[in-house]
Engineer: 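Starting off with a structure, shown below.
Heavy atoms only: backbone and side chains are in, while hydrogens, waters and symmetry mates are out. Naming convention: chains lettered A, B, ... in sequence-line order (proteins, then strands); numbering from 1 in each chain. As the structure is a computational prediction, the values presented were derived from the model and not from experiment.
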Amino acid sequence: MKFSKALIPTLREAPGDAEVVSHQLLVRSGMIRKVAAGIYEFLPLGIRSLHKVAQIVREEMDKAGGQEVFMPNLIPADLWLESGRWQKYGPELLRIKDRHDREYCFGPTHEEVVCDMVKQTVHSYKSLPLNLYQIQTKFRDEIRPRFGLMRGREFMMKDAYSFHTDLEDLDHEYKNMYKTYESIFKRCGLECRAVDADTGSIGGSSSHEFMVLASTGEDVIASCNVCSYAANLEKAFFAIKQTGEKPIQEDPQEVHTPELKTIEEVSGFLKIKPQQMIKTLVYVADDNFVIVCLVGDRDVSEAKLKALTGAAEVRLALDEEIMGLTGVPTGFLGPVGLIDLIKSKNSEATYRLCFDRSLASLFDGVTGANKADYHTKNINIERDLKLKNDAQHDGFVDLSVVMADDPCPHCAQGKLVLMRGIEVGHIFKLGDVYAKPMKVHYLDKDGREKAPVMGCYGIGVSRTLAASIEQNHDDKGIIWPRALAPYDIHLMNFDMSDETIKTAAELYQLLIESGFSVLWDDRDERVGVKFNDADLIGNPLQVMVGKKGLARGCYEYKIRKDGTKGDFSCASVIGEVTKLLENL
RNA sequence: CGGGGAGUAGCUCAGCCCGGCAGAGUGCCUGCUUUGGGAGCAGGAUGUCGCAGGUUCGAAUCCUGUCUCCCCGACCA
């Protein structure tokens, strides 16, 4: 492509609404433009790179036995009513009516449609297993789209759905997809990590996320510095430290703590560490109270709380609600005697008391005395709460967020390190949670009607593009790996003399005929302008034609990634270019 | 939805407090000069000052309403 004919509106400055570097560079390099919040158009350069990601995904999915299909993104409400998600899904689901007042939604995901497809077409175990995938635009009406392509409302996604006769076969396909995802992201040149993930509201038994490590990532992952353990913060847990401390065995003792409500205030006043305190928080999970006790310096994971209670929404209780439930002002609650207190005060309320695993290694703790302005010292879990100091005990549940340096749950030596990541892929074992309500079934060998077990596997195609830039850029612009670059070669002529232009034109033809994709900056611009645009756009290899080089019988080149410059003799250019591009 | 901020030339933004000809830089067009890392000179085009209403002789500027966008939070396969 000749630059002079191409629509490549590069910008010197990034638009003010672009916050993260991938968004800034995608806009500045003329790849995308915003049309509305979270909705972007792809210009010629952008769509080339997007297609590269899609093509890698397609090739690897096909290699893994997937079959490409294409489903509508306008989906009749009937299908979503059948699965029950029409009611369950919130305002994130964009609903629309046609001229006959029939209801539809824009597909944020396609379990319903693919189930319908399989229901209509598969009737025998002989047709299974199946892995059907599509690469298509999704729409989710996100509350707050942000960060350009990283969290758009409309975005390109590869979603795959597999159907199996049994769980064993699903396990096999899950591993197959896991490996396929590793190959896909490797081919995209991304440093990627698979982590244990929360299955969230989609349900199912097992789930991994594929995370691109980047400081601008929206997710936090915890990983072990010794073994391979890695998990999303929503799911990560830690090993219980065996402190070796023995309880002093003194009797619980009330201490006067006037107006001291927070962990910091009380621990400061009593000159103890926050780790020595038992924090007691009251949550409202849908319409029920859940009282969570955990070690003072830790935070409750609302994701884990949701998973434990099955609630759709959880929030901290208001001060009035806590007073109404317990009669104790916020800040002075403690687990000892709390249930009796609630029973006497408020027999109507539905509530639940949970102890986080972090408490399993706590001795001689301090907690609220369940009356205003008093705390209690010398609380021992085993003696005073009748819970064993042992995380395996039923009385403890996992409700806290891990912290940096927590001991790894999988190996003896490791500590957890926290880092940020961008979720580019997610794989799930779904089981029959969609197939059952959608009445998908087939006949097995014995002629019995059965529901297939399903897996589902997503890749954020447009997000992968953004993630690549987050991971590969410098202050000049994008540094594309060759696999995703819009063009292999960015050709420039240094002057507009007849000889230089003619030589450049011949080289341009030769490179194309040799199978390279070439963007030729043939504009009558100064060298600096061309270099700056070339660095901004970030194609892996720049090739320059100019009088000085030609006088030596050479073309010049620069490798975008590391700035290496050099010459190749005009005669051997194809061999040299081939060699250089092999490593880019 | 709560809190904060912004909408003025393609882009970045000034002007608004204190009402009085619509601005700068960059980009764009023309010409000349220049040409190895965002050149110089000269000339030129470009605006529903987000939208609607109000106050006023007069509104980008003051008032009211509204829409859009951004940030933080809540939310989120």
Side-chain angles (χ1 to χ4, degrees), chain A residues 7 9-20 23-24 27-28 30 33-39 85 88-93 107-111 138 140-148 150-153 155 157-161 197-204 206-210 218-219 232 234-235 302-303 306 312-316 423-430 433-434 455-460 463 476-477 492-497 500 521 523-536 542 544-552 555-556 558 563 565 567:
Chain A
L7 182 62
T10 59
L11 293 173
R12 211 179 264 221
E13 288 173 289
D17 60 15
E19 186 78 0
V20 296
H23 187 193
Q24 292 170 349
V27 175
R28 283 190 54 209
R33 287 177 59 88
K34 185 170 74 186
V35 176
I39 299 176
R85 287 208 294 180
K88 267 192 234 162
Y89 232 88
E92 196 179 310
L93 184 67
T109 173
H110 281 73
E111 283 82 4
K138 294 276 186 281
R140 296 180 190 175
D141 202 355
E142 297 276 352
I143 295 171
R144 186 145 96 84
R146 57 182 131 181
F147 300 154
M150 296 252 276
R151 179 173 292 270
R153 292 194 291 170
F155 57 98
M157 181 169 174
K158 185 282 298 180
D159 48 326
Y161 307 88
D198 189 14
T199 50
S201 61
I202 204 160
S206 183
S207 168
H208 284 86
E209 286 168 342
F210 289 76
E218 291 188 278
D219 290 285
N232 192 303
E234 292 176 344
K235 175 105 183 213
E302 296 196 356
K306 274 188 186 173
E313 274 189 51
V314 299
R315 60 171 174 86
L316 276 168
E423 178 192 349
V424 288
H426 202 158
I427 60 178
F428 289 89
K429 289 181 192 172
L430 286 180
V433 291
Y434 287 93
C456 92
Y457 320 92
I459 287 181
R463 183 183 279 181
K476 293 290 233 173
M492 290 172 254
N493 51 297
F494 274 158
D495 60 76
M496 298 302 282
S497 69
T500 302
D521 192 344
R523 295 173 301 171
D524 184 7
E525 286 286 356
R526 302 177 74 82
V527 183
V529 173
K530 292 193 181 189
F531 269 121
N532 278 305
D533 274 345
D535 288 345
L536 177 61
Q542 300 172 8
M544 291 80 83
V545 181
K547 282 178 180 165
K548 288 184 190 171
L550 291 177
R552 300 193 297 271
Y555 303 126
E556 296 150 77
K558 188 181 104 177
K565 291 177 186 174
D567 285 352

Engineer: Nearest whole angstrom, please: distance from the P of B:rA77 to the CD of A:Glu209.
Structural biologist: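 Between P of B:rA77 and CD of A:Glu209: 11 Å.
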Engineer: Between B:rC21 and B:rU30, how far apart are the two C1' atoms, rounded to whole Å?
Structural biologist: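 The same atom, C1', in both gives a distance of 27 Å.
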Engineer: In whole Å, I'd like the distance from the CZ atom of A:Arg28 to the C1' atom of B:rU12.
Structural biologist: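 In whole Å, B:rU12 C1' lies 12 Å from A:Arg28 CZ.
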Engineer: Looking for any heavy atom pair under 4.0 Å, which part of the strands does A:Arg315 touch: base, sugar-phosphate only, or nothing?
Structural biologist: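 Touches nothing.
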Engineer: Measure distances between side-chain N and O atoms of A:Asp495 and base N and O atoms of B:rG36, and say whether any donor-acceptor pair falls under 3.5 Å.
Structural biologist: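 Looking at the base of B:rG36, it does not pair with any donor or acceptor on the side chain of A:Asp495 (distance under 3.5 Å).
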Engineer: Is A:Gly90 touching bases, backbone alone, or none of the nucleic acid, heavy atoms closer than 4.0 Å?
Structural biologist: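 Nothing: the residue A:Gly90, judged by heavy atoms under 4.0 Å, touches no strand.
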Engineer: Closest approach to the side chain of A:Arg146, judged atom by atom: which nucleotide of B:rC71, B:rC70, B:rA77 is it?
Structural biologist: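 Taking heavy atoms from C-beta onward, the closest nucleotide is B:rC71.
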Engineer: Quick one, A:Val529 and A:Arg523 - any side-chain contact, counting heavy atoms below 4.5 Å?
Structural biologist: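 A side-chain contact exists here, since the closest heavy-atom pair is under 4.5 Å.
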Engineer: Please state whether the base of B:rC76 and the side chain of A:Arg144 form at least one donor-acceptor pair under 3.5 Å?
Structural biologist: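 Looking at the base of B:rC76, it does not pair with any donor or acceptor on the side chain of A:Arg144 (distance under 3.5 Å).
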Engineer: Got more than 12 heavy atoms from elsewhere within 6.0 Å of CZ, A:Arg33?
Structural biologist: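 No.
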Engineer: Among the candidates B:rG37, B:rC11, B:rA77, find the nucleotide nearest to the side-chain atoms of A:Lys565.
Structural biologist: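 Side chain of A:Lys565 sits closest to B:rG37.
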Engineer: Mind checking A:Val529 for me? I need base, sugar-phosphate or nothing, with any heavy atom below 4.0 Å counting as a touch.
Structural biologist: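 Contact class for A:Val529: base.
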Engineer: Whole angstrom is fine here: how far is it from NZ in A:Lys530 over to P in B:rA39?
Structural biologist: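 So the two atoms are 13 Å apart, to the nearest Å.
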Engineer: Taking the side chain as every heavy atom from C-beta outward, state whether A:Gln542 and A:Met492 have any pair of such atoms under 4.5 Å apart.
Structural biologist: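 In short, these two side chains touch, coming nearer than 4.5 Å.
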Engineer: Touch check for A:Lys34, heavy atoms < 4.0 angstrom, all strands: base, sugar-phosphate only, or nothing?
Structural biologist: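 Touches sugar-phosphate only.
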Engineer: Under 4.0 Å: is that the gap between some side-chain N or O of A:Lys306 and OP1 or OP2 of B:rC76?
Structural biologist: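 A:Lys306 to B:rC76 OP1/OP2: side-chain N or O found under 4.0 Å.
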Engineer: Partner of B:rU30 by Watson-Crick or G-U wobble geometry, both contacts under 3.5 Å, or none?
Structural biologist: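 Paired with B:rA42.
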Engineer: Quantified in whole Å, what is the P atom distance between nucleotide B:rA6 and nucleotide B:rC17?
Structural biologist: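 It comes out at 15 Å once rounded to the nearest Å.
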Engineer: Go through B:rC70, B:rA77, B:rC72 for me and flag the one nearest to the A:Phe147 side chain.
Structural biologist: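 Closest nucleotide among those given: B:rC72.
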Engineer: For A:Asn493, does its backbone N or O pair with a side-chain atom of A:Lys530 as donor and acceptor, under 3.5 Å?
Structural biologist: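 A pair under 3.5 Å: yes.
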Engineer: Return the polar atom pairs (N/O with N/O) between nucleotides 25-27 of chain B and the protein under 3.5 Å, or none.
Structural biologist:
residue	atom	partner	partner atom	Å
B:rG27	OP1	A:Arg12	NH2	3.1

Engineer: Determine the interatomic distance between C1' on B:rG27 and the same-named atom on B:rA45; round to the nearest Å.
Structural biologist: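 Approximately 13 Å lies between the C1' atom of B:rG27 and that of B:rA45.
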Engineer: Calculate the interatomic distance between A:Tyr89 atom OH and B:rC75 atom C1'; express it in whole Å.
Structural biologist: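 In whole Å, B:rC75 C1' lies 13 Å from A:Tyr89 OH.
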Engineer: Taking atom P of B:rC70 as reference, at what distance in whole Å does atom NE2 of A:His23 sit?
Structural biologist: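 Whole-Å distance recorded here is 8 Å.
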Engineer: Between A:Glu19 and A:Thr10, which has a closest nucleotide on RNA chain B that is more 5'?
Structural biologist: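 Its nearest nucleotide being more 5', the pick is A:Thr10.
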Engineer: It should be established whether A:Lys558 places a side-chain nitrogen or oxygen under 4.0 Å from OP1 or OP2 of nucleotide B:rG37.
Structural biologist: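 False: A:Lys558 side-chain N/O out of range (4.0 Å or more) of B:rG37 OP1/OP2.
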Engineer: Is the closest side-chain heavy-atom distance between A:Phe428 and A:Val433 below 4.5 Å?
Structural biologist: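 No; the side chains remain at least 4.5 Å from each other.
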Engineer: Is a side-chain donor or acceptor of A:Arg153 paired with a backbone partner of A:Asp141 at a separation under 3.5 angstrom?
Structural biologist: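 Absent.
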Engineer: Using purine N1 to pyrimidine N3 plus N6-O4 or O6-N4 for Watson-Crick, or N1-O2 and O6-N3 for G-U wobble, each under 3.5 Å, what pairs with B:rU66?
Structural biologist: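 With both distances under 3.5 Å, B:rU66 matches B:rG50.
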Engineer: I'd like the P distance from B:rU66 over to B:rA9, given in whole Å.
Structural biologist: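 B:rA9 and B:rU66 have their P atoms separated by 25 Å.
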Engineer: A:Gln542 near the nucleic acid: base, sugar-phosphate alone, or nothing, with a heavy-atom cut-off under 4.0 Å?
Structural biologist: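 No contact at all - A:Gln542 keeps every heavy atom at 4.0 Å or more from the nucleic acid.
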Engineer: Measure from the side-chain heavy atoms of A:Arg151 and tell me the nearest of B:rC76, B:rG38, B:rU12.
Structural biologist: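 Between B:rC76, B:rG38, B:rU12, the one nearest the side chain of A:Arg151 would be B:rC76.
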Engineer: What's the closest nucleotide to the A:Lys476 side chain, out of B:rG37, B:rA77, B:rC71?
Structural biologist: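 When the side chain of A:Lys476 is considered, B:rG37 is the closest of B:rG37, B:rA77, B:rC71.
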Engineer: So is the aromatic ring of A:Phe494 stacked onto the base of B:rG36, judging by whether the centres are under 5.5 Å apart and the planes are under 30° apart?
Structural biologist: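 Answer is no, no stack.
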Engineer: Using the C1' atoms only, state how far B:rC72 lies from B:rU56, rounded to an integer number of Å.
Structural biologist: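 Here B:rU56 and B:rC72 have their C1' atoms 40 Å from each other.
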Engineer: Would you please confirm or rule out a distance under 4.0 Å between OP1 or OP2 of B:rU35 and any side-chain N or O of A:Arg526?
Structural biologist: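 The answer is no; no side-chain N or O of A:Arg526 sits under 4.0 Å from OP1 or OP2.
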Engineer: Please measure how far the P atom in B:rG2 lies from the corresponding atom in B:rG65, and state the result in whole Å.
Structural biologist: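 Straight-line distance between the two P atoms is 15 Å.
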Engineer: Okay, side chain of A:Gln24, backbone of A:Ala18: is any donor-acceptor separation there less than 3.5 Å?
Structural biologist: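 A pair under 3.5 Å: yes.
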Engineer: Is any side-chain heavy atom of A:Lys558 less than 4.5 Å from a side-chain heavy atom of A:Asp535?
Structural biologist: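 In contact.
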Engineer: Suppose you measure atom P in B:rU8 against the same atom in B:rG3; what distance do you get, rounded to whole Å?
Structural biologist: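 The answer is 25 Å between these two P atoms.
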Engineer: Please classify the nucleic acid contact of A:Gly546 as base, sugar-phosphate, or nothing, using heavy-atom distances under 4.0 Å.
Structural biologist: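 Answer is base: heavy atoms of A:Gly546 come under 4.0 Å of a base.
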Engineer: Is there a donor-acceptor pair under 3.5 Å between the side chain of A:Lys235 and the backbone N or O of A:Ala303?
Structural biologist: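 Judged by distance alone, no pair lies under 3.5 Å.
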Engineer: Could you tell me the Watson-Crick or G-U partner of B:rC21, where both distances fall under 3.5 Å? Say none if there is no partner.
Structural biologist: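 Partner of B:rC21: none.
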Engineer: For a quick check of understanding: with a heavy-atom distance under 4.0 Å over all strands, which category does A:Met492 fall into, base, sugar-phosphate or nothing?
Structural biologist: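 Counting heavy atoms under 4.0 Å across all strands, no contact is made by A:Met492.
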Engineer: Want to settle it: does A:Asn532 or A:Asp17 sit nearer the 5' end of RNA chain B, counting the closest nucleotide to each?
Structural biologist: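 First, find each residue's nearest nucleotide; the 5'-ward one identifies A:Asn532.
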Engineer: Considering every strand shown, what is the Watson-Crick or G-U wobble mate of B:rU56 when both distances are under 3.5 Å?
Structural biologist: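 Pairing partner: none.
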Engineer: Measuring only the P atom in each nucleotide, how far is B:rA22 from B:rU61? A whole number of Å is fine.
Structural biologist: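 13 Å, rounded to whole Å.
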Engineer: Can A:Thr500 and A:Asp495 be counted as having a side-chain donor-acceptor contact under 3.5 angstrom?
Structural biologist: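 Indeed, the side chains of A:Thr500 and A:Asp495 share at least one donor-acceptor pair under 3.5 Å.
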Engineer: Should A:Glu218 and A:Arg151 count as side-chain neighbours, where that means a heavy-atom distance under 4.5 Å?
Structural biologist: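 Yes, their side chains come closer than 4.5 Å.
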Engineer: Take atom CD of A:Glu142 and atom C1' of B:rG73, then tell me their distance rounded to the nearest Å.
Structural biologist: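 Going from A:Glu142 (CD) to B:rG73 (C1'), I get 16 Å.
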Engineer: For A:Ile143 and B:rG2, what is the distance between atoms CD1 and P respectively, to the nearest whole Å?
Structural biologist: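 After rounding, the reported distance stands at 13 Å.
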Engineer: Specify the separation, in whole Å, of atom CG of A:Asp219 and atom P of B:rC75.
Structural biologist: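 In whole Å, B:rC75 P lies 14 Å from A:Asp219 CG.
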